[in-house]
Amino acid sequence: MQITRRHFFRFMGAAGASVAVRPPSAHAWQSKAPPDTFGCLVDLTRCVGCRKCEEACATVNGLPEPERADCQCTIFEKNRRPDETAFTVINRYYTGKVDTFDKPVPTYAKVQCMHCQDPACVSACIVGALTKEDTGAVRYDVSKCIGCRYCMVACPFEIPAYEYFDPITPRVMKCTFCQERISKADGLPGCAAICPTEAITFGRRDTLLKVAKKRLKENPGIYLQHIYGEKEVGGTAWMYISSVPFDTVNLPTLPDTPAPKLSETIQHSLFSYLWSPVLLFGVLGAFMARCNQEDHKENNPDKGGV
Amino acid sequence: MIKKMGGIVCLMILWAGVCTAQVWQAPDQERAKERAKEVVPFVKEYQDDCQISRRICLIDAGVSLDDVETVYFLLDSPIIKEREDHYEPVRFAHKRHAALVNDCSKCHHFRPRDENALETTRCSACHQDSFNPDHPERIGLKAAYHQQCMECHQEEAKGPVDCTGCHLKHVPDHKELVKLPDNPDPIQVTKACLECHDTQGEDMLKTAHWLWRGPSPYTTGHRKDILHGKGTTALNNF
Ligand code: SF4
Ligand code: SF4
Ligand code: SF4
């Protein structure tokens with residue numbers, strides 16, 4: 001059978017009408033970011049690639065020692081990603097920057113979960129195993145996780161990793177923002193505490209934004225005038241400032257809209273007032289009716305045929 | 001055999017050195033240690049000058065190389081060690097750096113706003129704990145050291161920029177690691193050392209201490225000779 005143009009427009013008209021009658025403000029998407037969260041500001045001009053943060057992260061989180069922990073040279077030959085054994089890694093990039101002797105200058109970039117203000121992973125998790133805490137940390141609760149790995153697909157930074165090697169009790173693994181340590185008074189994330197050059201500044205996100213803006217303003221020749229994570233995907237608790245474009249150090253160019261805004265808006269509008277199931281069954285019903293009619297015609301020997 | 005005896009004598013001397021070191025303490029080292037432990041009051045307000053005006057201020061105040069008294073400092077502040085403690089202190093040759101750089105304002109970049117304060121306040125007066133919420137833009141002492149040292153070493157292409165160039169790693173306490181009888185003889189001690197440090201033992205066999213011949217860079221008139229020593233030409237060391 002075929003859907004004629006006329007039929008199609010008729011259905012769409014009905015669908016449009018049912019969307020139009022929906023009161024628009026009732027489901028307007030709202031950010032669920034807790035106020036006054038902690039954050040970290042990573043200053044790529046300060047990082048010297050010592051990889052002490054990797055080591056500290058492994059220690060405070062009970063992970064295995066980082067791959068070739070003392071190596072600050074050949075380890076950078078391959079680009080690494082955080083995985084189920086390492087919540088953070090440092091990568092080295094040659095972006096064309098040169099020093100006064102015309103020698104290429106490397107830029108080192110730390111990778112870990114960004115602890116988004118409106119995290120896609122939290123929104124994607126169907127059992128609430130991931131939650132955005134008041135500290136700003138996006139926390140994972142293994143006892144709730146059913147292993148669907150939606151979070152891994154949803155994350156715009158491709159952060160969560162999975163313990164595929166463990167068939168019995170696999171976990172989703174990602175940076176915890178040292179939730180336990182930072183919820184205590186005076187507590188610091190392991191990586192920020194060890195960093196010798198304070199390439200990682202820990203503090204309240206609002207304060208960090210001020211600090212970052214001040215640094216950009218006072219050193220316009222050094223920094224790009226952009227705070228990565230201030231607006232990206234609606235803002236992230238971990239933010240970066242740099243002297244080289246962010247996409248050259250593998251920080252993806254992302255829109256300012258939080259990922260959950262789009263997906264949740266679509267979901268919510270689909271299910272508001274049950275219009276979409278009604279429409280769906282309406283469409284199906286119409287199809288079936290039409291099919292029946294045509295079958296009827298085809299099977300009718302009076303109208304030709306064999 | 002004689003060579004072997006020689007090696008053992010060397011080790012005995014070393015061991016004797018280790019024993020006496022417990023008694024004798026280098027006075028400047030002790031002073032540096034004491035100074036490193038001090039925590040001075042935090043300077044909240046500072047004078048935000050540019051480097052040139054700082055230089056002029058320092059000249060006006062009559063601060064010169066002659067004022068540098070201490071030869072070296074141990075950078076071993078409790079402010080840092082309270083948080084993280086992984087390395088042995090760094091020995092910072094203050095006088096040597098002052099002479100090489102010949103510009104105090106390079107490191108003493110700001111001064112306290114208080115007019116009675118010293119022109120050249122120590123680093124740890126302004127830079128203390130990291131991430132102080134009351135002074136969020138102020139970097140902590142550890143970062144101040146690292147940024148200052150590494151940046152200059154990189155710019156001047158001089159001085160170490162790797163970790164172990166400045167720091168020695170904590171040496172674990174060998175009391176627990178080494179089991180020796182009471183009053184051990186030198187051979188027992190050497191054996192205990194070699195149990196773990198076997199590569200060092202091998203390396204030792206290639207040095208002048210074992211071969212009794214080798215380069216003599218400190219002997220006037222023989223600086224370029226590479227095969228001097230009791231193993232070849234010399235009768236004795238005098
Ligand atoms: S970076 Fe990815 S894993 Fe981390 S909070 Fe954001 S969406 Fe979740
Ligand atoms: S915040 Fe904690 S878990 Fe995350 S990278 Fe730093 S040390 Fe690792
Ligand atoms: S510890 Fe700090 S300087 Fe070292 S690699 Fe990590 S972020 Fe960079």
Side-chain angles (χ1 to χ4, degrees), chain A residues 36 38-41 43 45-53 55-56 59-60 69-73 99-103 105-106 108 181-182 185-219 222, chain B residues 46 48-51 75-77 79-90 92 109-110 123-124 126-170:
Chain A
D36 203 19
F38 285 116
C40 277
L41 176 69
D43 188 331
T45 66
R46 289 185 179 178
C47 176
V48 293
C50 66
R51 297 180 64 221
K52 290 289 148 198
C53 47
E55 212 174 304
T59 315
V60 301
D70 285 330
C71 174
Q72 293 163 11
C73 182
D99 64 7
T100 38
F101 309 104
D102 256 359
K103 222 174 91 197
V105 179
Y108 299 95
R181 290 167 60 105
I182 64 169
D186 225 18
L188 297 178
C191 53
I194 204 166
C195 178
T197 57
E198 239 165 78
I200 312 164
T201 309
F202 173 77
R204 295 280 170 192
R205 189 172 182 268
D206 296 346
T207 319
L208 292 178
L209 273 171
K210 277 190 212 126
V211 170
K213 281 181 188 150
K214 190 158 179 263
R215 262 187 237 171
L216 300 195
K217 193 167 154 232
E218 285 174 4
N219 307 286
I222 296 179
Chain B
Y46 62 92
D48 191 351
D49 288 336
C50 71
Q51 210 196 337
L75 311 185
D76 195 26
S77 172
I79 299 170
I80 298 177
K81 294 211 295 187
E82 194 187 350
R83 288 266 187 209
E84 301 281 336
D85 189 9
H86 303 275
Y87 288 91
E88 292 288 322
V90 169
F92 172 60
H109 57 143
F110 293 147
C123 312
S124 65
C126 299
H127 300 280
Q128 300 204 336
D129 207 6
S130 304
F131 320 132
N132 180 348
D134 300 328
H135 301 272
E137 79 296 338
R138 188 92 59 96
I139 55 174
L141 183 59
K142 181 169 57 169
Y145 284 150
H146 283 100
Q147 285 191 20
Q148 187 72 42
C149 298
M150 294 177 78
E151 208 178 292
C152 196
H153 288 182
Q154 238 146 16
E155 259 171 36
E156 301 295 325
K158 233 186 217 161
V161 284
D162 58 332
C163 311
T164 47
C166 300
H167 298 275
L168 292 173
K169 250 205 155 128
H170 271 322

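Just so we're on the same page: letters track the sequence lines, and every chain starts at 1.
- Heavy atoms of A:R204 lying under 4.5 Å from chain B are absent altogether.
- Taking both residues in full, the closest heavy atoms of A:L188 and B:F131 are given as CD2-CD1, 3.5 Å, listed atom of the first, atom of the second, then distance.
- The minimum heavy-atom distance between B:G140 and A:E198, with the atom names listed, is N-OE2, 2.8 Å.
- Taking NZ of A:K52 as the reference point, atom SG of B:C163 lies at 5.0 Å (rounded to 0.5 Å).
- Applying the side chain to side chain contact (heavy atoms under 4.5 Å, CB included) test between B:P136 and each of A:L208, A:T201, A:L41, A:T207 identifies A:T207 as the sole match.
- Looking at B:E155, only its backbone comes within 4.5 Å of chain A, counting heavy atoms on both sides.
- Within 6.0 Å of atom CD in B:Q51, more than 12 heavy atoms from other residues, nucleotides or ligands are found, so the atom counts as buried in its surroundings.
- Atom OG1 in A:T100 sits 10.5 Å away from atom CD in B:Q154 (nearest 0.5 Å).
- Interface remark: A:A192 contributes backbone and side-chain atoms alike to the contact with chain B (heavy atom separation under 4.5 Å).
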Side chains of residues 141-150 of chain B: which donor-acceptor partners sit under 3.5 Å, not counting sequence neighbours?
from   : atom 1 : to     : atom 2 : distance (Å)
B:K142 : NZ     : A:A193 : O      : 2.7
B:K142 : NZ     : A:I194 : O      : 3.0
B:H146 : ND1    : A:P196 : O      : 3.1
B:H146 : ND1    : B:K142 : O      : 2.9
B:Q147 : NE2    : A:T197 : O      : 2.8
B:Q148 : NE2    : B:K106 : O      : 3.1

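- Atom CG in A:D186 sits 6.5 Å away from atom CG in B:D129 (nearest 0.5 Å).
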